[in-house]
Amino acid sequence: MSGLYIHIPFCKQACSYCDFHFSTNLSIKNEVVLNIIKEIELRHNYFKNKKLSTIYFGGGTPSLLNKSEFEAIFTAINKFFVYDSSIEITIETNPDDISAENLNLWKSIGINRLSIGLQSFNDEELKWMNRAHTAKDSVNSVLLAQEKGFNNITIDLIYGSKFQDLKTWENTLIQAVSLNTQHISSYNLTIENKTALGVNNLKGKEPSVSDDLSSQQFLLMTDFLKQSDFIHYEISNFGKAGFFAKHNSNYWLQKHYLGIGPSAHSFNGVSRQWNLKNNGLYSKAIENKTDFFEKEELSIKDRFNEYVLTRLRTIWGCDTEEIKLLFGETTLLHFLKIAEQKKADFEINNATYTLTNQARLYADGIAADFFLE
Ligand code: SF4
């Protein structure tokens, strides 16, 4: 079974740190939605098996879609794909879009998982991030969603900003856990050059993130959330038992997915492709039936490198039996040779290699040492 990702590239306002593809020009939202529907029709044969295990509305801010836009997208999905009641259907939303009316709409169209971008419980910090909500909105949005019967909710948090020290970060975690959500995703603030934060950082108006403080906050978080019954199953993701994100787990387990909408990525096991990262050009290309994506065929080396990069971030780790099966004996010997040199970074169980909590701080660097050229 496969996953369907739909990228809704619009936001009310630009968060100061955000490097995702979005536009605050909502005047062409309906046009882009119509082209997203056309793309579903054009690409429904991407999978041999039409059964979906997950649908994920990401962005941008998909909670900006109205009832008729959602219904039109679901009509297209239901025409070309099949799924049953076990499907996970997630929508990313911000606290300011959570209302009784929207929650009722999302429930009625089958959405059963909410990913709410809380980010912080500090109003000053939220303002600095240029978020469109307050800390009170954040808390109320989760409570309202729970009251409306959503029982699979994840919240996003950001650590590493200049507003936090270890004590305030611990308080953030205490508040987050007290909301009784089933899942928490928590990301280290990264300063990207093209964002407002990046520009101000380059001008010397904003400090860089302290790697040392971020590392301490990461370790504090992993201990704290573990004690609160969350399982740390991916570097940035913590779920209660039975509530790991199915859609994102599929990415990390090399399952196939079809990405629809501007900038969306797709993967079918042998190639990867990505759509134009410009709303107007994407729409024009779909309408004119010209190329709207780029594609890369993946060599065995590419696939091995991606396998190590993603698996080392997870509790599933690198399984040596699987490496032999997927990439051959020589690649397995290469893996074992490097793993031996780095054995202090690993826990080994049933021939599966996972990183120690400390080593997860450097997961990408460790993975890079395994890469085949
Ligand atoms: S709402 Fe999300 S996608 Fe939009 S600018 Fe903010 S962080 Fe980026």
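Counting only heavy atoms from C-beta outward, the side chains of Leu225 and Val177 approach each other to under 4.5 Å. Looking at heavy atoms from C-beta onward, Val270 lies out of side-chain contact with Leu298 at the 4.5 angstrom threshold. The closest side-chain heavy-atom distance from Tyr17 to Met129 is below 4.5 Å. Counting heavy atoms from C-beta outward, Ile89 and Trp106 have side chains that stay 4.5 Å or more apart. Two residues are said to be in side-chain contact when any heavy atoms from C-beta on lie closer than 4.5 Å; Thr354 and Phe346 fail this criterion. Between Thr24 and Phe10 there is no side-chain heavy-atom pair separated by less than 4.5 Å. The shortest distance between side-chain heavy atoms of Ile40 and Ile77 falls below 4.5 Å. Residues Arg313 and Ser236 have side chains in contact (heavy-atom distance under 4.5 Å, counting atoms from C-beta outward).
Using a cutoff of 4.0 Å between basic side-chain nitrogens and carboxylate oxygens, Glu373 and Lys301 are not scored as salt-bridged. In summary, Glu297 and Arg272 do not engage in a salt bridge, as defined by a charged side-chain N under 4.0 Å from a carboxylate O. For the pair Arg303 and Glu306, the salt-bridge criterion is not met [side-chain N within less than 4.0 Å of a carboxylate O].
With no hydrogens or angles considered, a side-chain donor-acceptor pair links Ser208 and Asn201 at under 3.5 Å. Between the side chains of His21 and Asn279, at least one donor N or O sits under 3.5 Å from an acceptor N or O. A donor-acceptor pair shorter than 3.5 Å cannot be found between the side chains of Glu88 and Asn112. Donor-acceptor pairing under 3.5 Å is lacking for the side chains of Asp123 and Thr134. Side-chain contact, Asn25 with Ser27: a donor N or O sits under 3.5 Å from an acceptor N or O. Glu39 and Tyr282 share a donor-acceptor pair across their side chains, judged by distance under 3.5 Å alone. No side-chain donor from either of Ser16 and Arg131 sits under 3.5 Å from a side-chain acceptor of the other. Glu125 and Ser161 form a side-chain donor-acceptor contact under 3.5 Å, judged by distance and modelled atom types alone. Side-chain contact of Gln217 with Glu170: a donor-acceptor pair under 3.5 Å is absent, judged by distance alone. Residues Ser299 and Asp302 have side chains that bring a donor and an acceptor to within less than 3.5 angstrom of each other. Thr168 and Asp165 share a side-chain donor-acceptor pair at under 3.5 Å.
Atoms CD and CG, from Gln164 and Leu189 in turn, are 8.5 Å apart once rounded to the nearest 0.5 Å. Interatomic distance, OG1 of Thr330 versus CG of Leu332, reported as 9.0 Å (0.5 Å rounding). For the atom pair Glu192 CD and Asp19 CG, the distance stands at 4.5 Å (nearest 0.5 Å). Between the CZ atom in Phe293 and the CG atom in Leu276 there is a gap of 10.0 Å [rounded to 0.5 Å]. Distance check, rounded to the nearest 0.5 Å: CG of Leu144 to OG of Ser99 gives 7.5 Å. Of the inter-residue distances, the one linking Asn45 atom CG with Lys48 atom NZ reads 11.5 Å to the nearest 0.5 angstrom.
Applying the ring pair (Phe, Tyr, Trp, His ring centres under 6.0 Å) rule to pairs touching residues 123-151 yields Trp128-Phe163, sequence neighbours excluded.
Atom NZ of Lys277 has 12 or fewer heavy atoms from other residues, nucleotides or ligands within 6.0 Å. Around the NZ atom of Lys240, the shell of radius 6.0 Å holds more than 12 heavy atoms that belong to other residues, nucleotides or ligands. Counted within 6.0 Å of NZ on Lys226, heavy atoms from surrounding residues, nucleotides or ligands total 12 or fewer; the atom is thus considered open. When the shell of 6.0 Å around CD of Glu101 is examined, it contains 12 or fewer heavy atoms from other residues, nucleotides or ligands. Within 6.0 Å of atom CG in Asn49, more than 12 heavy atoms from other residues, nucleotides or ligands are found, so the atom counts as buried in its surroundings.
In summary, the aromatic rings of Tyr353 and Phe335 are positioned with their centroids under 6.0 Å apart.
Taking the ring axis of Phe80 as reference, the NZ or CZ atom of Arg43 does not stay both within 45° of it and closer than 6.0 Å to the ring centre.
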Determine, step by step, whether His7 and Phe22 satisfy the ring pair (Phe, Tyr, Trp, His ring centres under 6.0 Å) criterion, reporting the C-alpha distance in whole Å, the side-chain angles of both residues, the deciding distance to 0.1 Å, and the verdict. CA-CA 9 Å; His7 190 83; Phe22 68 92; 9.4 Å; no
Verdict with supporting geometry, Asn35 and Glu287, side chain to side chain donor-acceptor pair (under 3.5 Å): CA-CA 7 Å; Asn35 286 306; Glu287 279 158 19; 3.1 Å; yes
Show, in sequence, the C-alpha distance, side-chain angles and deciding distance for Asp84 and Ser86, and conclude whether the side chain to side chain donor-acceptor pair (under 3.5 Å) test is met. CA-CA 5 Å; Asp84 61 28; Ser86 68; 2.6 Å; yes
Quick one, His232 with Phe238, criterion ring pair (Phe, Tyr, Trp, His ring centres under 6.0 Å). Give me CA distance, side-chain angles, the key distance, then yes/no. CA-CA 5 Å; His232 188 195; Phe238 303 80; 4.3 Å; yes
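Judged by distance alone, the side chain of Asn268 and the main-chain N or O of Ser271 form a donor-acceptor pair under 3.5 Å.
Applying the ring-ring contact (aromatic ring centres under 6.0 Å, His included) test between Tyr251 and each of Tyr56, Tyr5, Tyr257 identifies Tyr257 as the sole match.
In this structure, the side-chain contact (heavy atoms from CB on, under 4.5 Å) partners of Asp156, at least two apart in sequence or on a different chain, are Ser115, Gln119, Ser185, Tyr187.
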Scan the side chains in residues 62-75 for donor-acceptor partners under 3.5 Å anywhere in the protein, sequence neighbours excluded, and list what turns up.
{"unit_1": "Ser63", "atom_1": "OG", "unit_2": "Thr93", "atom_2": "OG1", "d": "3.2"}
{"unit_1": "Ser63", "atom_1": "OG", "unit_2": "Asp97", "atom_2": "OD2", "d": "2.8"}
{"unit_1": "Asn66", "atom_1": "OD1", "unit_2": "Ser68", "atom_2": "N", "d": "3.3"}
{"unit_1": "Asn66", "atom_1": "OD1", "unit_2": "Ser68", "atom_2": "OG", "d": "3.1"}
{"unit_1": "Asn66", "atom_1": "OD1", "unit_2": "Glu69", "atom_2": "N", "d": "2.9"}
{"unit_1": "Lys67", "atom_1": "NZ", "unit_2": "Glu71", "atom_2": "OE2", "d": "3.2"}
{"unit_1": "Glu69", "atom_1": "OE1", "unit_2": "Lys29", "atom_2": "NZ", "d": "2.7"}
{"unit_1": "Glu69", "atom_1": "OE1", "unit_2": "Asn66", "atom_2": "N", "d": "2.9"}
{"unit_1": "Glu69", "atom_1": "OE2", "unit_2": "Lys29", "atom_2": "NZ", "d": "3.3"}
{"unit_1": "Glu69", "atom_1": "OE2", "unit_2": "Asn30", "atom_2": "ND2", "d": "3.3"}
{"unit_1": "Thr75", "atom_1": "OG1", "unit_2": "Glu71", "atom_2": "O", "d": "2.7"}

